[in-house]
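Both ligands and their constituent atoms are indexed starting at 1 by order of listing.
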Amino acid sequence: MRTAVLRSLRSAAARSAPSSSDLLRRGFSSESVPERKVVVLGAAGGIGQPLALLMKINPLVSKLSLYDIAGTPGVAADVGHINSRSEVAGYVGEDQLGQALEGADLVIIPAGVPRKPGMTRDDLFNINAGIVKSLCTAIAKYCPSAIVNMISNPVNSTVPIAAEVFKKAGTYDEKKLFGVTTLDVVRAKTFYAGKANLPVAGVDVPVVGGHAGITILPLFSQASPQANLPEDVIKALTKRTQDGGTEVVEAKAGKGSATLSMAYAGAVFADACLEGLNGVPDVVQCSFVQSSVTELPFFASKVVLGKNGVEKVLDLGPLSDYEKEGLEKLKPELKASIEKGIKFANDN
Ligand SMILES: NC(=O)c1ccc[n+]([C@@H]2O[C@H](COP(=O)([O-])OP(=O)(O)OC[C@H]3O[C@@H](n4cnc5c(N)ncnc54)[C@H](O)[C@@H]3O)[C@@H](O)[C@H]2O)c1
Ligand SMILES: O=C(O)C[C@H](O)C(=O)O
């Protein structure tokens, strides 16, 4: 039974996406697994609320701590009535941030402002950099060994900010800091399966680089199953994956960016981190992490997740000429975003 549950969880974290009924069934499982406290910072927001729901129905979670600057008592009371394993607590305002974080195994950060039409993710930097810096300062103080899943944009800069804050506090562990790029993978799989006329549950597409525009580089040459789509289709799929966030921002017409698909992607990635912590072997996800895969200090690629976070950062593997070109093109932009984050953290 235990193996069956873990296998079903693994499917959420890896190739095949779980159906909503899978997630619900998993949520009501009575399997005994290690105690894990998961914290969501920004839990009353557009991502935070559905993410709180998905973490509440995840049987790997024993304590779910929901923090925001407003609104969390209501969210906590609401999801807290669901008859799944975890105990839920809501915390509101800076005075309660320490309590929210204490004892955390995993902290997920979707706090900060989202884009409106016409904005780039970098346009969010001025507001979100400060939010991320203060939240990471608290993480360093109250739960220095927790794994951190950074969702707040611009991820290409907020992850380096977090790293600098943790370095200054003397708590930095490069194995425990992750930029969440799972939504790029989720999109690439969906778009590829549609074009290749394949059942999406059996499709895998690695996405590397970063999480903004051309820094998002889907590797359709490594997609499985391999459909050998023509070059013009691959180029269109690449562009759609890179512009996926903007597609949602425009469709929402001023009411924010992706929240539901992001909550799903965030829950898949968090689930994979928890599996890794629990010692499940061969858990692999793409994520934006400290890296020596290229000359850039942070880069998204496939990562093996283990008991201490990153167990291994995997190489990019063979790239097509089109992907090699995309890789060279993304480097200057990604480098500048990383440096901007580092500079902010050191100047403020
Ligand atoms: N990594 C990704 O793939 C991805 C995908 C979608 C959105 N995002 C990003 O996630 C962030 C959140 O998006 P959203 O749609 O949920 O926005 P939202 O405005 O709906 O929610 C953000 C929440 O953060 C809270 N918040 C603000 N300052 C805070 C602080 N100091 N401490 C705790 N909470 C704080 C707000 O009160 C709000 O509830 C944005 O930056 C967005 O760009 C990232
Ligand atoms: O596009 C955005 O601003 C939000 C997020 O990064 C996304 O990819 O949907």
Show which side-chain atoms of residues 39-49 pair as donor or acceptor with protein atoms under 3.5 Å away, not counting sequence neighbours.
| residue | atom | partner | partner atom | Å |
| --- | --- | --- | --- | --- |
| Gln49 | NE2 | Ala44 | O | 3.0 |

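Residue pairs meeting the side chain to side chain donor-acceptor pair (under 3.5 Å) criterion with at least one partner in residues 168-187, sequence neighbours excluded, are Tyr172-Gln290, Asp184-His211.
When all heavy atoms are compared, the tightest approach of Ala100 to Tyr67 is CB-CB, 4.0 Å. Annotation for Leu60 and Arg36: closest pair O-CB, 3.4 Å, computed over non-hydrogen atoms. Considering every non-hydrogen atom in both Ile139 and Leu101, the closest pair reads N-CD1, 3.8 Å. Shortest non-hydrogen contact noted between Arg85 and Val61 is CD-O, 3.6 Å.
The protein heavy-atom contact nearest to atom 5 (C) of ligand 1 is Met262 SD, 3.1 Å. Of the protein's non-hydrogen atoms, Ile151 O, 3.1 Å is the one closest to atom 1 (N) of ligand 1. Atom 35 (C) of ligand 1 has as its closest protein heavy atom Ala111 CB, 3.6 Å. For atom 28 (N) of ligand 1, the nearest protein heavy atom (residue, atom name, distance) is Ile131 CD1, 3.5 Å. Closest to atom 21 (O) of ligand 1 among all protein heavy atoms lies Gly45 CA, 3.2 Å. At the shortest separation from atom 7 (C) of ligand 1 among protein heavy atoms lies Ile47 CD1, 3.3 Å.
For Pro110, the heavy-atom gap to ligand 1 drops under 4.0 angstrom. Contact analysis puts Ala44 in contact with ligand 1, with a non-hydrogen atom separation below 4.0 angstrom.
When only interatomic distances are considered, the shortest N/O to N/O separation between Val180 and ligand 1 falls below 3.5 Å. Residue contacts with ligand 1: Gly112 is placed with a nitrogen or oxygen under 3.5 Å of a nitrogen or oxygen of the ligand (distance criterion only).
Below 4.0 Å from some heavy atom of Tyr67 lie the following atoms of ligand 1, by number and element: 32 (N), 33 (C). Atom numbering of ligand 1 starts at 1 in the shown order; those under 4.0 Å from a heavy atom of Gly46 are 16 (O), 18 (P), 20 (O), 21 (O). If you number the atoms of ligand 1 from 1 as listed, the ones under 4.0 Å from a heavy atom of Val155 come out as 1 (N). Each of the atoms 6 (C), 7 (C) of ligand 1 lies under 4.0 Å from some heavy atom of Ala258. Atom numbering of ligand 1 starts at 1 in the shown order; those under 4.0 Å from a heavy atom of Asn153 are 4 (C), 8 (N), 9 (C), 41 (O), 42 (C), 43 (O), 44 (C). Distances below 4.0 Å separate heavy atoms of Asn128 from the following atoms of ligand 1: 41 (O). Each of the following atoms of ligand 1 lies closer than 4.0 Å to a heavy atom of Thr259: 15 (O). Close approach of ligand 1 to Leu124 is summarised as follows: ligand atoms under 4.0 Å from at least one heavy atom of the residue are 43 (O).
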Legend entry - salt bridge (charged side-chain N to carboxylate O under 4.0 Å, His left out) between Lys335 and Glu295, intermediate numbers included: CA-CA 9 Å; Lys335 182 170 186 281; Glu295 63 273 31; over 6 Å; no

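Placement of Leu183 and Leu53 within a single hydrophobic cluster is found when ILVMFWY residues are connected by side-chain heavy-atom separations under 4.5 Å, directly or transitively. Hydrophobic clustering of Ile, Leu, Val, Met, Phe, Trp and Tyr side chains at less than 4.5 Å, counting indirect connections, unites Leu54 with Met150.
Contact annotation for His211 and ligand 1: only side-chain heavy atoms (C-beta onward) come within less than 4.0 Å of the ligand. Counting heavy atoms under 4.0 Å from ligand 1, residue Leu135 touches it through the side chain alone.
Protein neighbours of ligand 2 below 4.0 Å, counting non-hydrogen atoms: Arg115, Arg121, Asn153, Leu183, Arg187, His211, Gly245, Ser257, Ala258.
For Glu323 (side chain) and Ser320 (main-chain N/O), a donor-acceptor pair under 3.5 Å exists by modelled atom type. The closest donor-acceptor contact from the side chain of Ser152 to the backbone of Ala111 lies under 3.5 Å.
Judged as a ring-ring contact (aromatic ring centres under 6.0 Å, His included), and not counting sequence neighbours, the contacts of Phe125 are Phe344.
Of the candidates Asn149, Leu51, Asp68, it is Asp68 that places a heavy atom closest to atom 38 (C) of ligand 1.
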